[in-house]
Structure formats: structure tokens, C-alpha cells
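Taking it in order: structure first as C-alpha cells, then the write-up.
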Amino acid sequence: MKILIGLSVLVCLALVTSSRRLWRLRRTTVGTMLTTGGWLMLGVGFVLGPHAGGLVEASQVEVLRPLVLVVLGWVGLMVGLGASAQLTRYVPPRVVGVAVMDALLSVGVVGAVAWLVIDWQAELSLGAGDLLPTVLLLAACAVAWSPEIRSLRRGCTEARPATMVLRSASGVGSILAIALLGFGLAGAAPPDPRGALAVAAFSLPQATVGLGVSLVVAVVVGVLGQWLMALAGRGEGEFLVVLLGVVSLAAGAGAAMGYAPILVAMLCGAVVVNLPGRALNRLQQTIIEAEQPIAMMLMLLAGMLLDPAIGVSGIWLVLVLFAARLLVKRGVVRRLVIRAVAAENRAGQRPALGVMRQNPVAIALATGFVLWSPPGGGVAAAGQVLTVVILVGLISDCFWLLVPWLTPALPVASVECGS
Amino acid sequence: MSEAAGGNKLFVIILDHADLVDELMTGFLDLGVRGATVIESRGMGQIIRQDMPIFAGLASLFGEATGSRMIFSVMPVSLVEPVFALVEEVVGSLDQANTAMCFTIPVDQFRGIRH
């Protein structure tokens with residue numbers, strides 16, 4: 001009966017979201033943020049999950065693991081497709097510089113703050129076991145921002161300096177975030193659900209070996225995948241089956257070896273995009289066209305996997321992390337973005353505030369963290385970390401809605417995106 | 001130098017699979033089509049999707065990888081049906097979704113140098 005109710009809810013949701021009337025709502029500011037932030041599906045997943053509606057019980061959550069792997073693999077592949085050798089044609093060096101500076105500042109400041117807060121709050125059960133993986137995750141989640149900027153600009157067309165800078169720097173940042181977390185988790189031990197919070201040693205040789213093995217697997221899967229996609233010909237069904245196979249193989253191999261599945265998939269995407277072949281265009285088109293359904297599925301799964309029992313300590317952590325984000329993004333990164341916009345500085349000010357929004361890849365990383373943690377107590381703790389990441393993202397998006405009132409000195413009507 | 005307009009049509013192809021452009025151009029030459037213009041384009045669905053990227057903000061900037069192609073060619077009426085047949089041979093049945101769209105427009109006047 002529960003399964004029937006759950007399926008009915010999902011079917012109704014699918015019908016509503018594919019309705020043309022909803023297209024209009026999705027193009028409003030709030031509608032765009034709900035869609036690209038995934039908050040709607042996150043809410044549905046939470047309602048269906050074991051901590052609210054109970055339609056999916058806690059014991060059944062483990063069954064979702066393979067589906068989570070496929071979704072993470074798809075997301076990783078999508079992000080990896082941006083790592084093309086032709087990147088320099090589209091993304092100037094100053095934009096890459098913005099992304100790198102953002103990554104360094106975000107990891108440094110947010111990571112340090114997370115470390116201090118979690119270590120200080122001894123009773124915090126977040127990431128029970130080892131401190132390092134949790135801090136690495138929270139730091140990686142702070143890198144970059146949402147590439148969606150439609151809700152930020154006013155009356156500007158797409159190909160404007162501020163638009164290009166924000167989207168391209170966000171893409172580069174996503175690659176850095178996944179690489180950072182994958183490398184870090186490869187060198188750290190998985191959390192021990194039995195032990196108290198302790199600092200785990202980070203092994204650089206172990207991390208390097210992990211990265212190397214992930215790259216080798218990615219190359220093998222990438223080459224194999226391209227060959228199979230060429231064999232699939234023009235058949236849509238065959239192509240999709242091959243693509244799902246590539247995604248599952250990349251992510252599954254990563255998970256089986258104890259590495260971050262999203263990292264292996266991203267490296268696979270980076271390999272595929274740089275291999276010559278006619279199947280590439282079709283792959284990119286298919287991958288990107290499926291972006292929104294995959295994102296919806298990811299948010300649905302994240303909603304089911306999150307554990308809301310974070311307590312007062314967890315709320316403190318959320319607020320402190322948000323404050324650290326505010327300091328880094330609004331204080332420093334925003335100025336870097338404005339400087340990187342080739343047009344008059346004033347033209348980039350309002351869109352540059354979009355750097356406050358959390359990158360949707362953060363939810364993918366945190367969901368993968370739940371998989372990476374051992375089952376049992378580790379999953380509950382990882383579910384709380386996922387909740388922290390989600391709450392930080394939610395507050396960041398709500399902050400964006402308050403910007404017109406928080407920055408009255410900025411004459412919005414006179415700001416354009418530059419020519 | 002103006003050309004007698006009576007027997008010409010503007011043949012327009014909107015091709016979803018950009019990798020098939022080469023094959024089409026080869027077929028054009030085989031049929032005797034003397035010129036064509038290819039431009040990168042994006043459909044309404046692509047614009048709406050790219051307007052709200054979630055994960056693929058960077059990859060979707062590479063237009064040549066994610067966009068479609070529009071091919072324009074002015075040709076004699078006698079070549080129109082063979083070109084329709086060529087398009088179906090290259091992309092598959094035009095009744096299937098996400099393959100290509102083709103249409104012709106009568107040309108009233110044509111001026112320019114033909115190679």
C-alpha cells in the first residue's frame with residue numbers, strides 16, 4: 001500500500017511538473033530557484049522518506065544505493081564534459097583564476113571554520129568517527145556557486161560578460177570541488193561508526209594512488225564507452241543503454257574500490273570529451289538534455305537520505321558555515337568576479353551577488369558521502385552531514401531573495417549585464 | 001547579376017545531429033547542389049534548458065557540441081526531391097523525433113555569384 005501511495009505521488013508530481021502552466025511559473029525568480037536548487041523535489045523526498053511520511057522505510061534506504069550510484073555517475077559525467085581541451089577558447093584565463101581563488105578561499109576558510117566548530121562541539125555526532133572526511137566534504141561543498149543566473153539579471157540576453165564569467169567560473173569550480181573531495185577521501189579512512197570523533201591522518205601516497213587508479217579506470221571506461229557508443233549507431237534506445245552502462249560502470253567501479261564514484265565518473269567525462277569521435281556530440285546532447293530529470297532524481301534521493309536530527313549543535317554549524325560563506329563569497333569572490341567582467345565594473349555588481357548561491361554539485365557530493373560512509377551508524381551520521389549541507393544551501397538561496405532589501409544602495413534598475 | 005528566379009527553391013534543413021553535416025555536404029555535392037550555408041543554431045527547448053543549467057553550466061557553453069545546425073541552400077526545383085531523399089537516407093526517417101526538419105521556400109529573386 002505504501003509503495004502504491006509513493007508511486008502515485010511521484011506520478012502526480014511528474015504530471016504537474018511537465019505541465020505547460022508550470023513552465024511559466026518556472027521562469028519567475030522563485031520558480032527558477034526552486035527548480036534549479038531542487039528544493040521542491042528535496043521536500044518531496046523528505047516527505048516520502050523514513051523521517052517524515054515513512055513511505056520509504058529506513059531499512060529500504062539501503063536498496064536505493066545502486067540508484068544513487070547511477071545518478072552520481074551521471075552528474076559526474078556531466079561535470080566532466082566541461083573539462084574539454086577547448087576550454088581555453090571559451091573561458092579566458094582570468095575566469096579560471098577566479099574559480100581557483102574561490103576554491104582556495106572557500107576550502108581554507110570554510111574548512112577551518114568547520115574543523116573548529118565540529119571539534120569544539122564534542123557532543124556533535126556529525127561525521128562520527130573521523131573529522132577529516134566531514135571537514136573535507138563541507139569545504140568542497142562551499143566551492144563555486146549555482147551556474148543558473150537567469151534569476152539574477154534584468155533584461156539582459158544570455159551572452160553577456162557577467163553571464164559568461166559566472167557560468168564558466170562555476171563550471172570550473174565544480175570540477176575543482178569534485179577533484180578536491182575525491183582526492184581527499186582517497187587519502188582518508190572512512191568514518192568509524194563505533195568510535196568517537198577523532199582526527200584521521202591523511203595519507204598523501206594513498207590519495208595519489210587513489211587518484212591514479214581512478215584515472216586509469218576512467219580512461220578504460222571512457223575508451224570502451226566511446227567504442228560502444230559508436231557501435232550503437234543512431235538507435236536512440238541502444239545509445240541510452242550504452243550511456244547508462246558507461247555511467248554505472250564508472251561510478252560502480254569507483255564505489256567498489258572505495259573511491260568517490262562521482263570523481264571516477266567526472267574523470268571519465270573528461271576523458272570522453274577529449275577523445276575524437278562522432279559519438280561525442282550525441283553524448284553531450286543526451287547527457288545535457290537529461291540534466292533536469294537527473295537533478296530531480298538526485299534531490300528526491302537526497303531528501304530520503306537526509307537525517308534531520310542535527311540538534312542545536314548542528315544548527316550552530318549551519319549558521320557558522322553560512323557566515324563563513326558570506327565572508328568569502330560576498331567579501332572577496334564577488335569583487336574578483338566584478339573585476340573579471342570585461343565591461344564597466346558597475347555592470348557586474350548585481351549578477352556577481354549570485355556567487356552566494358550554493359553549487360548544486362554540493363548536494364551530489366553530500367549524497368555520495370552517505371554512500372561512502374559505512375552502513376549502520378555511519379549512515380545516520382552522514383545523513384546529518386547531508387542535512388547540514390542542504391540547510392546551508394537553502395539559507396544561501398533565501399539570502400539571495402533578500403538582496404534587494406539588503407543592498408538598497410545598489411540601483412538595480414540602472415544595472416545591466418554589460419555590452 | 002540577377003538570375004531568372006522561376007526554377008529555384010530555398011531548401012532549409014534544421015539538423016539535430018551536428019555530426020551528420022559532413023555526410024550531408026558530401027551528398028549535396030554528389031547530387032549537384034552547388035552551395036550551402038551552415039550555421040549553428042539552438043532550438044527553443046535548448047534555450048530554455050540552458051537558461052537554467054544545474055550541473056552542466058560549463059559543458060552547455062560549448063555550442064558546437066550541444067546545438068543543432070541549420071543548412072540553407074538555393075537550388076533548382078529539380079534537385080528538391082533528391083535532396084529530401086538524401087536527408088532521409090542520412091538522418092533516418094523524418095517521422096522520428098530529434099532527427100531533422102526540412103522545408104522549402106520559393107525564391108522570387110536571386111542575385112549573386114554561383115561557383
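Sequence lines set the chain letters: A, B, ... in the order given, protein chains first and strands last, and positions in each chain run from 1.
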Side chain, backbone, both or neither of A:Leu77 within contact of chain B (heavy atoms, under 4.5 Å): neither
Residue A:Ile175 versus chain B: region with a heavy atom under 4.5 Å: side chain
task: Considering non-hydrogen atoms only, spot the tightest contact between B:Ile54 and A:Gln292 and give its length.
output: CD1-CG, 4.0 Å
message: Taking side chain to side chain contact (heavy atoms under 4.5 Å, CB included) as the definition, give me every residue that meets it alongside B:Thr26, ordered by chain and number, with sequence neighbours left out.
response: B:Asp30
message: Once salt bridge (charged side-chain N to carboxylate O under 4.0 Å, His left out) is applied, do any residues pair with A:Asp397, and if so which ones, sequence neighbours excluded?
response: A:Arg357
statement: The reported gap from CG in A:Leu298 to CZ in B:Phe55 (rounded to nearest 0.5 angstrom) is 5.0 Å
